[in-house]
Amino acid sequence: MDPCQAAVDSCIDCGKCGEVCPISMVSDNSTYTPDSKIKLLSKIAAGEALEKDEFDTIYLCTRCGVCDDVCPEHIPISDIIQHERELLAEQGREPERTKHIVSNILEKKNPGGFDNSKRLDWITDDLKLSKDADVGYMAGCWVAFKHPEIAQATIRVLNSCGIEPRILEEEQCCGLFMIDNGHLDEAREYAKNYVNYIESLGIKQLIVSCPACYGVLKFQYPKLYRDTKFEVVASIEVFKQLIEEGKLKPKQIDGTATLKDACPLRHMYDVPREILASMGIEMKEMFDKHTVCCGAPAGVKPNYPEIADAIGMLHLQKASETSGVMVTYCPFCLYHLEGVSQKSGVEVPMKDIALLLEEGIK
Ligand code: SF4
Ligand code: SF4
């Protein structure tokens, strides 16, 4: 019997996971609920043929983890889905686009297949960066290639507080897509090389702009490889601390905004809200004390764009109904939601929190 089967069998069919799952929010297909996904384990482990809906549901998961948070039986639902994907990959049954993105990461060091030699092109002459500081900075793929202004704003804010971090000249993808899709052996090797490289620079603290990279370096690498000798901190944690210490004085904006929470930082629910409160921004929540994934991660956007877009639209509609202005702190959420906004014509102004803070130091 598969080692995860006992956990699957402990499901009491309460339906709580389906109430919070972003996929279930935009689809009434009963095969797409989180509990239905994990109940396919025995079939997958036995190598049995899957119906189309059954195959799709395994890959219709952003691995946001909110189902894990609410399951009364503490079933590690998102890890079981990862395991099902691992089995399907071993059996040669994963989607072609998933295979392609994994090869991009292994060969080009980023999921989008971008030219990795351009990863640090966001660095402008005005940014003060150290060559030997023990505080490092990692932008992450979606900042480096799609939203470089987030990295620039972050460094300017840090510089204004006297922090001049060291850039990782050999920065690479954190490997989250491989982890989400069960390519654990490749991800382990990747983690090992990257951790050893960062430690070889003498980095003691690594400030990370992308919440996904934060989650991987802080929580996944220790599971895949070992604890890192450097501390991993999210840029929003650093911003909040600098504000509390009086080193960073945010510009008063005195308006309302809604906040797109990032799934890997959902346990830091109050941190971005306190930063916005320090600017005089009144929060208008889209969802009631609960994080809803943007719909793009873990292969949903490339494999099922219509579902990813429907979840994105849910956010745009909620934002329009609440404040009409959205603050983000994840570059991938921003990239996805801006794309949905452009395609749909539903305009919601969006801005990363680092850019709001940058306005205060101009
Ligand atoms: S991890 Fe997120 S997307 Fe996947 S089943 Fe759970 S709630 Fe749904
Ligand atoms: S929340 Fe847990 S126990 Fe309830 S249906 Fe989902 S997996 Fe089963």
Side-chain angles (χ1 to χ4, degrees), residues 2 4-44 50 53-88 94-95 98 176-182 211-212 215-216 219-220 223 260-267 269 286-315 330 332-333 336-337:
D2 188 280
C4 295
Q5 191 60 48
V8 174
D9 293 343
S10 67
C11 173
I12 55 171
D13 296 320
C14 69
K16 288 189 190 306
C17 50
E19 290 168 12
V20 296
C21 175
I23 306 292
S24 301
M25 284 179 190
V26 299
S27 165
D28 53 13
N29 187 327
S30 60
T31 315
Y32 292 170
T33 59
D35 56 312
S36 301
K37 295 178 197 299
I38 60 173
K39 285 173 188 161
L40 288 165
L41 176 63
S42 57
K43 221 171 163 179
I44 293 169
L50 298 173
D53 272 1
E54 292 177 331
F55 180 79
D56 288 345
T57 193
I58 302 303
Y59 291 93
L60 273 168
C61 169
T62 64
R63 292 243 307 140
C64 65
V66 295
C67 51
D68 304 332
D69 297 347
V70 300
C71 177
E73 297 302 306
H74 307 291
I75 299 172
I77 303 169
S78 61
D79 282 350
I80 295 172
I81 295 167
Q82 176 197 45
H83 179 54
E84 291 174 319
R85 290 179 178 184
E86 183 182 20
L87 293 171
L88 287 168
E94 69 184 341
T98 298
L176 175 62
F177 188 88
M178 294 195 290
I179 296 168
D180 281 341
N181 284 284
V216 169
F219 302 115
Q220 299 291 333
K223 283 199 257 175
K260 171 67 195 89
D261 283 298
C263 302
L265 298 187
R266 64 190 185 283
H267 60 288
Y269 190 82
M286 286 190 284
F287 303 99
D288 188 19
K289 272 254 167 196
H290 135 236
T291 301
V292 178
C293 180
C294 70
V300 176
K301 186 176 175 70
N303 287 315
Y304 304 96
E306 67 296 345
I307 300 265
D309 286 1
I311 299 170
M313 270 306 292
L314 184 66
H315 286 81
C330 170
F332 197 44
C333 292
H336 176 55
L337 295 176

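Each residue takes its place number in the sequence, starting with 1. Whatever order the structure lists them in is the order used to number ligands and atoms, beginning at 1. From a predicted model like this one, the values you see are computed outputs, not experimental measurements.
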message: Using side-chain hydrogen bond (donor to acceptor under 3.5 Å, both in side chains), reason through Tyr304 and Asp56 one step at a time and then give a plain yes or no.
response: CA-CA 9 Å; Tyr304 304 96; Asp56 288 345; 2.8 Å; yes
message: Determine whether Lys43 and Glu54 satisfy the following criterion, salt bridge (Lys or Arg N to Asp or Glu O under 4.0 Å), listing intermediate values before the conclusion.
response: CA-CA 10 Å; Lys43 221 171 163 179; Glu54 292 177 331; 3.0 Å; yes
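Within the listing of ligand 2, atoms 1 (S) sit less than 4.0 angstrom from a heavy atom of Pro72. The Gly65 neighbourhood of ligand 1 comprises atoms 1 (S), 2 (Fe), with distances under 4.0 Å to a heavy atom of that residue. Atoms of ligand 1 found under 4.0 Å from any heavy atom of Val66 (numbered from 1 in listed order, with element): 7 (S). Distances below 4.0 Å separate heavy atoms of Arg63 from the following atoms of ligand 1: 1 (S), 4 (Fe).
Among all heavy-atom pairs drawn from Thr33 and Ser24, the shortest one is CA-OG, 3.7 Å.
Side-chain N/O atoms of Asn29 and Thr31 include a donor and acceptor closer than 3.5 Å.
Using a 4.0 Å heavy-atom cutoff, Thr62 is listed among the residues neighbouring ligand 1. Taking 4.0 Å as the cut-off, Cys293 does not count as a neighbour of ligand 1 on heavy-atom distance. Residue Ile77 places a heavy atom less than 4.0 Å from ligand 2.
At a threshold of 4.5 Å between non-hydrogen side-chain atoms, the residues Ile77 and Cys71 count as touching. Here the side chains of Pro95 and Phe55 are in contact, with some heavy-atom distance below 4.5 Å. A 4.5 Å side-chain heavy-atom check between Ser10 and Ile75 finds at least one atom pair inside the cut-off. Counting heavy atoms from C-beta on, the side chains of Leu88 and Leu50 come closer than 4.5 Å.
In terms of protein heavy-atom proximity, atom 2 (Fe) of ligand 2 is nearest to Cys71 SG, 2.4 Å. Among all non-hydrogen protein atoms, the one lying nearest atom 3 (S) of ligand 2 is Ile12 N, 3.5 Å. Considering only non-hydrogen protein atoms, atom 8 (Fe) of ligand 1 sits nearest to Cys21 SG, 2.4 Å. What sits closest to atom 6 (Fe) of ligand 1 on the protein, heavy atoms only, is Cys67 SG, 2.3 Å.
The number of heavy-atom neighbours closer than 6.0 Å to NZ of Lys16, taken from other residues, nucleotides and ligands shown, is 12 or below.
Inclusion of Cys61 in the first shell of atom 4 (Fe) of ligand 1 is supported: an N, O or S atom falls under 2.8 Å. The nearest N, O or S atom of Cys14 is closer to atom 4 (Fe) of ligand 2 than 2.8 Å.
Of the listed residues (Gly18, Pro34, Pro22), the one carrying the non-hydrogen atom nearest atom 5 (S) of ligand 1 is Pro34.
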